[in-house]
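Some notes on the structure that comes next.
Naming: A, B, ... by sequence-line order, numbering from 1 per chain.
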Number of protein chains: 2
Amino acid sequence: MGIKERKDRQKTEMREAILSAALKLFSGDGFDNVTMRRIAENIEYSVGTIYLYFKDRNEIFFELHKLGFEEFYKRQLAIQDVKDPLKRLTEHGLVYIQFAIDYPLYYDLMFISRIPGKTIKSQHDWKSGHRTYDLLKLNISQAKGAGYFKNVDIEVAAFSLWSFVHGIASLYVRDRMMIVPPEAVKPLVTGALKFIERAY
Amino acid sequence: MGIKERKDRQKTEMREAILSAALKLFSGDGFDNVTMRRIAENIEYSVGTIYLYFKDRNEIFFELHKLGFEEFYKRQLAIQDVKDPLKRLTEHGLVYIQFAIDYPLYYDLMFISRIPGKTIKSQHDWKSGHRTYDLLKLNISQAKGAGYFKNVDIEVAAFSLWSFVHGIASLYVRDRMMIVPPEAVKPLVTGALKFIERAY
DNA sequence: ATCAATATATGAACGTTGTTCATTTTTTAA
DNA sequence: TTAAAAAATGAACAACGTTCATATATTGAT
């Protein structure tokens with residue numbers, strides 16, 4: 001009775017085709033470029049068909065945002081072998097910002113855009129977010145064990161560091177850095193990561 | 001020959017009427033609520049008329065964003081009389097975040113949204129932004145004079161502090177704080193402002 | 001192989017949106 | 001009073017997300 005299995009497979013294949021078409025349009029020219037009609041055209045199906053696989057346009061973006069979190073988490077895991085807790089935390093920040101630079105549209109979807117925010121009503125859906133946040137808290141508590149963050153609550157430290165790198169990333173992603181000349185951006189960012197170390 | 005004057009006056013009156021209608025709709029239900037047709041209905045003119053006073057919808061948002069910056073700057077000036085440089089800087093951050101809480105839609109327009117970002121091509125249009133940034137740098141250099149920020153470049157410090165408060169503000173404005181329980185937000189923010197002081 | 005039932009796909013239609021522009025109305029100066 | 005200039009109109013256009021009656025394809029039973 002492998003027919004049910006095949007149907008399930010075809011269903012996920014279709015969902016993946018839709019998502020990858022959406023991502024292609026997304027990366028091509030940003031948000032507004034991802035229209036239902038263009039997705040349909042891309043996968044060579046009619047518009048209505050998409051609605052058999054996704055509730056609406058938001059659900060597509062929500063699914064993309066989850067894919068983004070996967071890559072995000074992978075990158076953060078990759079630097080967990082850095083021995084020195086201080087270096088690891090700074091690396092953590094660097095990886096965070098680099099992700100925003102490499103995948104500005106993913107970052108947008110994950111941390112800025114309102115589109116998926118509506119779908120994320122319950123904390124439950126933010127699972128992907130919690131996982132990386134826990135990793136940050138772990139690294140902070142280990143740094144604490146090594147003598148850093150004296151008299152600082154871990155929750156406060158985690159929130160502070162997150163806000164810091166998110167601030168940098170979102171200023172970059174949303175083009176609010178023209179206040180500084182373009183060639184100054186990189187040294188400014190590395191300088192900022194050195195600066196925040198003073199608070200550790 | 002006061003007729004030219006009257007015409008000019010009427011032109012700015014019309015522009016103001018349009019802007020205030022837009023602001024009303026904006027504050028009412030956010031972004032998507034500000035449609036050209038609704039603005040027109042509100043000022044009791046036809047849609048086409050708006051285009052005689054504004055190039056397009058973006059120009060309306062751009063003008064609103066400038067209004068936001070005025071209130072923003074006013075608030076920041078108001079705390080310049082705080083004597084202690086350290087206290088003044090922290091107050092600066094607090095005022096920044098409080099603005100985002102009080103006028104989330106203005107904040108959005110000014111620092112997050114892409115709508116006015118397109119209109120801001122040249123640095124020239126960001127004048128309102130530069131003014132407040134200069135104020136921050138002034139406060140930092142004065143704190144430097146009082147012994148803080150040793151071995152820290154002012155540009156780096158300014159960028160760091162801005163990123164920090166912007167991170168907090170934009171996480172708040174764009175609803176990315178459900179990772180912490182609602183009642184924990186306030187102590188977290190004040191805690192974060194205490195934390196960043198450690199880097200001064 | 002046939003056929004009714006079920007699942008899948010279609011695309012015209014609906015109500016929006018921002019923007020344009022030929023037309024009409026109002027205001028101006030002679 | 002009237003011709004010219006300025007201001008206002010709103011139907012029309014293309015594009016959008018979404019829905020749904022209709023059509024096609026696939027299924028399992030006869």
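- By the ring pair (Phe, Tyr, Trp, His ring centres under 6.0 Å) test, B/Y133 is found to be paired with B/W162, residues two or more places apart in sequence or in another chain being considered.
- Taking CZ from B/F26 and CG from B/N33, the interatomic distance works out to 10.5 Å, rounded to the nearest 0.5 Å.
- A parallel orientation is assigned to the rings of B/F61 and B/F31, their planes being inclined by less than 30° (bins at 30° and 60°).
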Taking protein heavy atoms under 4.0 Å as touching, what does nucleotides 14-25 of chain D look like 5' to 3' if B marks base contact, S marks sugar-phosphate-only contact and - marks none?
--BBBB------

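- Under 4.0 angstrom from either OP1 or OP2 of C/dA9 there lies no side-chain N or O belonging to A/T49.
- When rounded to the nearest whole Å, the span between CD1 of B/I39 and P of C/dT16 equals 17 Å.
- Against DNA chain C, the stretch residues 10-27 of chain B makes no heavy-atom approach under 4.0 Å.
- Counting to the nearest Å, the P atom of C/dA7 and the CG atom of A/L52 are 13 Å from each other.
- Taking the centre and axis of the six-membered ring of B/F54, the NZ or CZ atom of B/R15 falls inside the cone set by 45° and 6.0 Å.
- With sequence neighbours left out, the salt bridge (Lys or Arg N to Asp or Glu O under 4.0 Å) criterion links A/E155 to A/K137.
- With sequence neighbours excluded, the residues satisfying ring pair (Phe, Tyr, Trp, His ring centres under 6.0 Å) with A/Y103 are A/F99, A/Y106.
- Partners of A/K24 under the salt bridge (Lys or Arg N to Asp or Glu O under 4.0 Å) rule, at least two apart in sequence or in another chain, do not exist in this structure.
- The distance between atom OH of A/Y45 and atom C1' of C/dA7, rounded to the nearest whole Å, is 13 Å.
- Using a 30° and 60° split on the angle between ring planes, B/Y107 and B/F111 fall in the tilted class, from 30° to 60°.
- Atom CD in B/E41 sits about 13 Å away from atom P in C/dG18, given to the nearest Å.
- Whole-Å rounding puts the B/I50 CD1 to C/dT20 P distance at 13 Å.
- Taking side-chain N and O atoms only, B/Y53 has a distance below 4.0 Å to OP1 or OP2 of D/dA8.
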